[in-house]
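Quick note: numbers below take in every heavy atom, side chains included, and nothing from hydrogens, waters or symmetry partners. Below, chain A is the first sequence line, B the second, and so on; all start at residue 1.
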Amino acid sequence: MPKVKVDGVELEVPVGATVLQACELAGKEIPRFCYHERLSIAGNCRMCLVEVKPGPPKPQASCALPAAEGQEIRTDSEMVKKAREGVMEFLLINHPLDCPICDQGGECDLQDQSVAYGRGTSRFHEHKRAVTEKYMGPLIKTTMTRCIQCTRCVRFSEEVAGVDEIGALYRGENMQITTYLEKAATHELSANVIDLCPVGALTSGPYAFEARPWELKKTLAIDVSDAIGSNVRLDSRGREVLRILPRVNDDVNEEWLSDRGRFLVDGLTRRRLDKPWLRRDGKLVAASWAEAFDAVAKINPGSSVAVIAGDLVDCETMFAAKALAGALGSSLLEGRQTGLAYDCSNLAAVNFNSTLAGIEEADAVLIIGSMVRDEAPLLNTRLRKAVKKGAKVFIVGPHWDPTYPATFLGDDLAVLGDLPADVVAAFEGAAKPAVIVGGAGLAKGGREAALALSERFNIVREGWNGFNVVHMAASRMGGLMLGYAQKGGIADLIAAKPKMVISLGADEVDFTKFADSMIVHIGHHGDKAAHAADVILPAAAFSEKDGTYVNTEGRVQYGEKAVFAPGEAREDWTILRAMADALGVTVGFDSFEQLRAAMVAAVPALGTEGLADYGALPAAPAGVKPEGAIAGYPIKDRYLTNAIGRASPTLQRCSAELIHGEAQAEAAE
Amino acid sequence: MADRHPEPDSPELRARWGNFAWTPENAAKASDIIARYPEGRQRSAVMPLLDLAQRQVGAETQTQGWLPLPVMEFIAAQLSMPVIRVLEVATFYTMYNIAPVGRFHVQVCGTTPCMLRGSDEIMAACKAKGMKKGHTTADGLFTLTEVECMGNCASAPMVQINDDNYEDLTAERVTFVLDELAAGRRPKAGTQEPGRHTVEPVGVLTTLTAMVGENHDYRGEW
């Protein structure tokens with residue numbers, strides 16, 4: 001470990017560290033624009049200049065200089081100060097002074113650093129360069145005159161997204177960032193370049209001119225658009241959430257967020273259920289809460305109750321509904337709305353055991369029936385990293401573009417029983433082999449086949465568990481922990497012919513199968529379930545309630561309430577509590593704290609943040625013979641996967657333009 | 001070069017160049033070029049291939065040649081690399097023409113040594129022939145560009161026309177060269193100074209005179 005001196009203080013830095021990292025370890029702030037921890041080093045902004053001895057008698061770019069034994073680094077000398085001022089002056093030569101009309105204002109690296117390290121005045125009297133606007137799709141708004149050519153966006157699209165959509169044309173002062181022929185950026189993580197851009201060149205299109213960062217209340221929450229459980233920050237003003245940004249969590253989402261998680265925000269204010277509705281003579285009519293609960297009481301289901309949990313609900317809601325059903329004498333709970341019926345007796349066998357961060361270390365991966373890019377975009381970036389480190393990836397299922405080299409083994413699951421020699425060789429030689437079963441795989445019994453493969457290739461070994469299931473619903477693991485699983489899946493509920501079905505935002509269910517049941521929908525959007533419901537009780541979206549979520553790797557995380565639900569909508573648990581009164585039973589909680597305490601008492605793992613322990617994998621069921629072709633993947637439109645997304649104009653436009661290829665006319669300014 | 005833009009993507013462009021493919025000779029050359037690079041590094045061949053393509057387009061259109069977008073896409077496909085990376089290369093180097101040019105691409109050097117030696121007159125002489133910076137003449141013969149140093153400072157001023165440099169120019173000499181080219185003849189490339197072969201000193205030596213007869217060590221005198 002090399003020893004270096006930073007501003008006179010000696011410290012040891014890890015082998016391979018750069019001078020910039022050494023300075024950071026010493027607690028010194030080094031200004032930078034092009035350097036980013038998660039991207040390759042470019043060294044083209046020159047803002048991170050420091051003085052290094054031994055070396056040439058001039059400042060050096062610390063981001064690209066390896067820290068070496070005996071270096072004396074100065075970050076506070078006159079030379080460094082002058083160098084930073086000079087670089088900043090050059091950067092500002094062509095940067096417009098339009099901060100008052102720039103959306104980055106207030107959270108702009110260039111603004112902050114010019115205040116901290118700049119000269120304060122300009123000596124430049126010539127014309128500034130101007131760059132024509134570039135179209136980058138419905139999500140990214142461009143003002144390319146502001147670009148300081150750090151190329152973070154180019155590196156992100158090449159290295160993290162893996163699609164080479166963005167490039168830098170021309171040279172020198174005339175360098176311009178653009179997509180090929182100004183086509184829309186189509187990658188499912190493309191909007192992360194908005195966060196990466198250190199200036200206001202790439203800003204959020206839908207959020208344009210909405211708010212200033214200092215007006216916003218920041219609330220820590222969990223993304224519900226997929227089962228990754230990305231850590232997000234909800235920025236709200238008044239009663240409206242205006243934008244969603246990722247938070248840094250290296251174990252979960254690093255610092256990225258999928259586009260559908262980021263831009264579903266405008267769906268939170270549209271198509272909302274903001275008052276109770278009752279079906280009278282086949283038509284939904286608005287009602288008061290009292291009338292709604294009267295209607296619920298009139299159903300008088302006795303113990304003939306079933307609860308279906310939707311994809312977006314939190315554990316507290318599911319537990320409250322479970323308590324209500326239990327008080328009524330029913331345990332018909334199900335969350336797998338589309339009819340999956342895999343065995344949930346051992347949760348380790350339906351969990352992403354490698355963990356999201358751990359899968360990066362895998363060196364042989366077999367994906368069974370999962371289009372990872374749509375189902376869990378941030379898992380795909382992890383797999384991409386693993387492949388960059390040398391992992392071999394094999395995929396069973398119809399072809400999709402993984403952005404990394406992968407071998408497709410065909411659609412037929414029968415191949416799992418008779419793996420090609422190269423797959424066998426890769427798995428037998430692997431130190432950390434992994435299988436990943438996705439939604440399409442679960443439907444065809446790929447999970448049982450994967451368990452058999454785990455035994456065959458000894459996938460669970462000292463310090464490594466390579467058996468993974470990737471879910472698509474934010475509520476799935478929490479639901480399974482709370483017992484939202486019947487042996488036969490939702491078919492058991494249909495067979496039971498319950499008098500009353502409580503839908504907790506269950507918008508993906510085929511309610512025609514419940515034609516004889518009264519459907520009480522507790523949900524926040526006027527989506528599919530609301531059309532089938534007999535009683536609609538307006539509830540809160542994820543941004544409007546505290547809640548516990550468990551992601552696909554079994555990580556328990558808490559989200560907080562940013563704003564109040566609109567109109568007469570209430571938090572879900574209060575609705576269920578009031579329903580208990582209407583139905584004349586007691587559920588044993590009167591406040592959210594009591595509810596959470598009861599939930600933790602029932603399922604202790606939900607009480608501790610972090611990975612839940614599901615124990616060891618079960619033995620593979622005997623005599624498994626995988627067969628059947630995977631016809632397609634469950635997600636047909638990656639932007640419209642849930643009720644909030646379907647209500648969002650931004651995501652509707654993404655779907656129309658990026659998936660269905662409709663041309664969108666830009667409004668004339 | 002801020003006014004340098006690829007020829008816009010249009011149905012006509014696609015119709016004209018969408019079917020671009022190597023001629024048999026160029027196909028052989030292209031595979032030779034690609035074979036120069038190690039396995040897995042084929043995209044390193046992008047620059048010579050772009051040059052080859054530009055020449056083939058030139059031969060097809062009787063011009064110096066240029067790179068229509070479909071041709072760049074063709075090369076990207078051949079090298080299995082993203083088109084945007086090919087476009088980056090083609091727009092970075094000014095030697096790749098990304099918009100149509102005339103039969104002769106007249107590149108007048110205007111950097112300091114040439115300017116001191118009279119590049120303004122050269123430029124004026126070109127303009128007198130009806131050329132305009134950044135444009136092609138109506139007859140499609142000449143495209144005029146002002147460029148930076150071409151490394152011919154010892155025989156400044158100079159112009160580069162397609163693959164040839166014409167040096168030691170005066171207004172008359174450049175007019176002669178242009179006339180010859182327009183008439184379909186090929187004037188002698190290189191220096192236009194009578195009696196000069198390359199960039200050897202003109203007339204008697206004014207410096208390092210002691211070096212003429214034998215090797216002389218000047219170090220003691222400095």
Side-chain angles (χ1 to χ4, degrees), chain A residues 40 42 44 93-94 126-137 140 142 144-145 147 149 151 153-187 190 193 387-388 390 401 403-406 663, chain B residues 1-18 39-44 46-47 50 66-99 107 111 133-134 145-149:
Chain A
S40 65
N44 53 10
I93 276 183
N94 275 322
E126 287 75 16
H127 288 296
K128 286 177 183 253
R129 166 211 65 167
V131 183
T132 50
E133 295 318 357
K134 304 278 185 283
Y135 183 69
M136 277 201 194
I140 307 168
T142 64
M144 298 318 287
T145 303
C147 175
Q149 307 170 340
T151 69
C153 51
V154 179
R155 282 175 283 148
F156 174 84
S157 105
E158 181 177 346
E159 294 162 14
V160 180
V163 289
D164 289 284
E165 282 183 320
I166 306 179
L169 305 190
Y170 311 104
R171 63 195 292 182
E173 182 187 58
N174 299 307
M175 190 168 119
Q176 299 183 14
I177 302 290
T178 182
T179 50
Y180 184 62
L181 301 180
E182 295 191 36
K183 286 178 186 155
T186 55
H187 193 268
S190 65
V193 296
V387 171
K388 277 187 170 179
D401 173 21
T403 75
Y404 41 79
Chain B
M1 287 293 138
D3 49 354
R4 205 165 166 261
H5 293 293
E7 181 73 357
D9 192 27
S10 63
E12 296 77 45
L13 187 82
R14 294 274 161 196
R16 174 67 183 84
W17 295 108
E39 189 61 36
R41 302 271 174 187
Q42 274 69 21
R43 54 169 73 181
S44 302
V46 65
M47 293 186 61
L50 281 173
W66 63 291
L67 293 168
L69 290 169
V71 173
M72 295 190 211
E73 286 165 14
F74 171 81
I75 290 173
Q78 177 163 20
L79 300 175
S80 341
M81 64 192 284
V83 199
I84 185 83
R85 300 278 165 262
V86 178
L87 187 62
E88 279 180 341
V89 171
T91 53
F92 186 90
Y93 295 100
T94 52
M95 292 76 109
Y96 297 119
N97 300 317
I98 50 177
Q107 305 186 64
T111 307
K133 254 197 254 180
T145 318
E146 182 176 339
V147 295
E148 300 306 330
C149 186

Q) Does any heavy atom of chain B fall under 4.5 Å from the side chain of A:Leu169, the backbone, both, or neither of them? A) both
Q: For B:Tyr96, enumerate each residue passing the ring-ring contact (aromatic ring centres under 6.0 Å, His included) test, keeping only those at least two apart in sequence or located in another chain.
A: none
**Q.** Part of B:Ile98 lying under 4.5 Å from any heavy atom of chain A
**A.** side chain
Q.
Is B:Pro6 close to chain A through its backbone or its side chain, or both, or neither, when contacts mean heavy atoms under 4.5 Å?
A. both
Q.
Using every non-hydrogen atom in the two residues, find where B:Thr91 and A:Tyr170 come nearest and quote the distance to one decimal.
A. OG1-N, 3.0 Å
(Q) Would you say that more than 12 heavy atoms from the other residues, nucleotides or ligands in this model lie under 6.0 Å from the CD of B:Glu39, or not? (A) no
Q | Proximal to chain A - members of residues 75-85 of chain B, heavy-atom separation under 4.5 Å | A | B:Pro82, B:Val83, B:Ile84, B:Arg85
(Q) Among residues at least two apart in sequence or on other chains, which ones pass side-chain hydrogen bond (donor to acceptor under 3.5 Å, both in side chains) with A:Glu173? (A) A:Asn94
Q. Can you list the residues that meet the side chain to side chain contact (heavy atoms under 4.5 Å, CB included) rule with B:Phe92, with sequence neighbours excluded?
A. A:Arg171
